[in-house]
Amino acid sequence: MNEDSLYIEEFLNGDEKGFEMLVRKYQDRILNIIYSLIGKDRESEDIAQEVFLKVYHGLRYFRRHSRFSTWLYRIVANTAYGFLRKRGNVVSDESALENSVTTRKDPRESLSMKEREAMLQKALARVPIKFKTAMVFKDIEGLSYIEISRILRCSIGTVESKIYRARQFLKDELLELGGGSV
Amino acid sequence: MRECADIERRLSRYLDKEMNDADRAMVEAHLAGCPLCKKEMSELARLKGLVMETERKTLPRDYLVCRIRESIADERRAIGRLSLAGMGIFARRLIPVPVAVIIVSVVFMIFTSMQPVTKSSLEDYIFSGRAATTETALELILGSQN
């Protein structure tokens, strides 16, 4: 039995600490995926919270045919789609980047990183979500095509196509925003 | 050119190391002889690197746990309020019953107080041993019209 299964067992046996351990384990990963998908700091936190609330209420119905992470990432993708459907296409809020807790320390590096980040986030926000999700799972989370195909419930060929299209979109957007090479 | 278009579509997969050995060898052979696809490949690799190196955000260890706990507590309070509100609706639906009982009682009391007082009660008449006609019985029950 893996770590996630142990936490799930704990939770289903009435110990909420099991659920809290799952939150602590996945919160940063989920936050970064959501941030890459919707591009808004504060709202990313709200959506991450919404995702875990769905997990809290749905864990008893989770059939363990797939890995917990696959199920969790599917909830993330669906919740992000739902958010974008409600709000329309979201453009990243660059000012929100100032308030986020980051892992960079050097202020000079941080400044240039922030500029680059802002541009990348802006370009990412313009990539249609139906293509972007697969790319984010691949490049941000490092998942394999087969794992992504399970999360998005599509074929590996479709995953390949989505990632290819997302990268083409992203390249074009970066070229447009930067006015030069990628 | 057609070969280039085909290879270009497969570059992402090659870059992600998701190809089998035969396909990888085919892409590599093409890249070795095609500067355009090689350039496309290096741009894609740079792009992938940019996304992979995206600034990662970290949350304080218990930040989300606390928010979720609060949210779950709010949900439970809301469910509790909903139950009370449900009881309230039920109670409100029953309000006409006692009101109707009170109104009927008041009307009955007013109606009976308007009737003239009978000289003797039904019990007195019965215990007197006199023969009772329907008329006298009705008179005693409903009150004398005189």
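Of the atoms belonging to A:Ser44, not a single heavy atom falls under 4.5 Å from chain B. Contact of B:Leu44 with chain A is made through the side chain alone, with heavy-atom distances under 4.5 Å. Contacts of B:Glu8 with chain A are made by both backbone and side-chain atoms, with heavy-atom separations under 4.5 Å. Using a 4.5 Å cut-off between heavy atoms, A:Ile163 touches chain B through backbone and side chain atoms alike. With a 4.5 Å cut-off on non-hydrogen atoms, B:Leu15 touches chain A through its side chain but not through its backbone. Only the side chain of A:Leu120 comes within contact range of chain B, with at least one heavy atom under 4.5 Å from a heavy atom of that chain. For A:Gln168, the part lying under 4.5 angstrom from a heavy atom of chain B is the side chain only.
With rounding to the nearest 0.5 angstrom, the OG atom of A:Ser36 is 7.0 Å from the CZ atom of B:Arg56. Within the model, atoms CG of B:Leu47 and CG of A:Leu174 stand 6.0 Å from one another, a figure rounded to the nearest 0.5 Å.
Counting heavy-atom pairs under 4.5 Å between each of B:Leu11, B:Asp16, B:Ile72 and chain A puts B:Asp16 at the top. Ranked by non-hydrogen atom pairs under 4.5 Å with chain A, the options B:Arg10, B:Glu18, B:Lys48 are led by B:Glu18.
Inspection of non-hydrogen atoms places A:Ile156 of residues 152-159 of chain A under 4.5 Å from chain B. At a heavy-atom cut-off of under 4.5 Å, chain B is reached by A:Asp46, A:Ala48, A:Gln49, A:Phe52, A:Leu53, A:Tyr56, A:His57 from residues 46-57 of chain A, listed in order of number.
A:Leu177 and A:Met135 fall within the same hydrophobic cluster, defined by Ile, Leu, Val, Met, Phe, Trp and Tyr side-chain heavy atoms under 4.5 Å apart, directly or through other members. Under a hydrophobic-cluster definition in which Ile, Leu, Val, Met, Phe, Trp and Tyr are linked whenever side-chain heavy atoms come within less than 4.5 Å, directly or via other members, A:Tyr164 and A:Leu124 are assigned to different clusters. A chain of hydrophobic side-chain contacts below 4.5 Å, direct or via other Ile, Leu, Val, Met, Phe, Trp or Tyr residues, connects A:Tyr7 to A:Leu12. B:Val99 and B:Phe108 are members of different hydrophobic clusters when ILVMFWY side chains are connected at heavy-atom separations under 4.5 Å. The hydrophobic cluster containing B:Met52 does not contain A:Val136, counting ILVMFWY residues as joined when their side-chain heavy atoms lie under 4.5 angstrom apart, directly or transitively.
A:Phe19 has its side chain within reach of B:Ile68: a pair of non-hydrogen atoms, C-beta onward, lies under 4.5 Å apart. With a 4.5 Å cut-off on side-chain heavy atoms, B:Asp62 and A:Glu20 do not count as touching. Looking at A:Asp139 and B:Leu50, their side chains never come closer than 4.5 Å, going by heavy atoms from C-beta outward.
Between A:Asp28 and B:Leu59, the closest heavy-atom pair is OD1-N, 2.9 Å. Nearest heavy-atom pair across B:Ser12 and A:Tyr145 is O-OH, 3.6 Å.
Using a cut-off of 4.0 Å between Lys/Arg side-chain N and Asp/Glu carboxylate O, A:Lys171 and B:Glu40 are scored as salt-bridged. Ion pairing between A:Glu16 and B:Arg69 fails under the 4.0 Å rule for side-chain N and carboxylate O.
When the shell of 6.0 Å around CZ of A:Arg24 is examined, it contains more than 12 heavy atoms from other residues, nucleotides or ligands.
Here the side chain of A:Glu117 pairs a donor or acceptor atom with the backbone of B:Glu55 at under 3.5 angstrom. With hydrogens and angles disregarded, a donor-acceptor distance shorter than 3.5 Å links the side chain of A:Gln27 to the backbone of B:Pro60.
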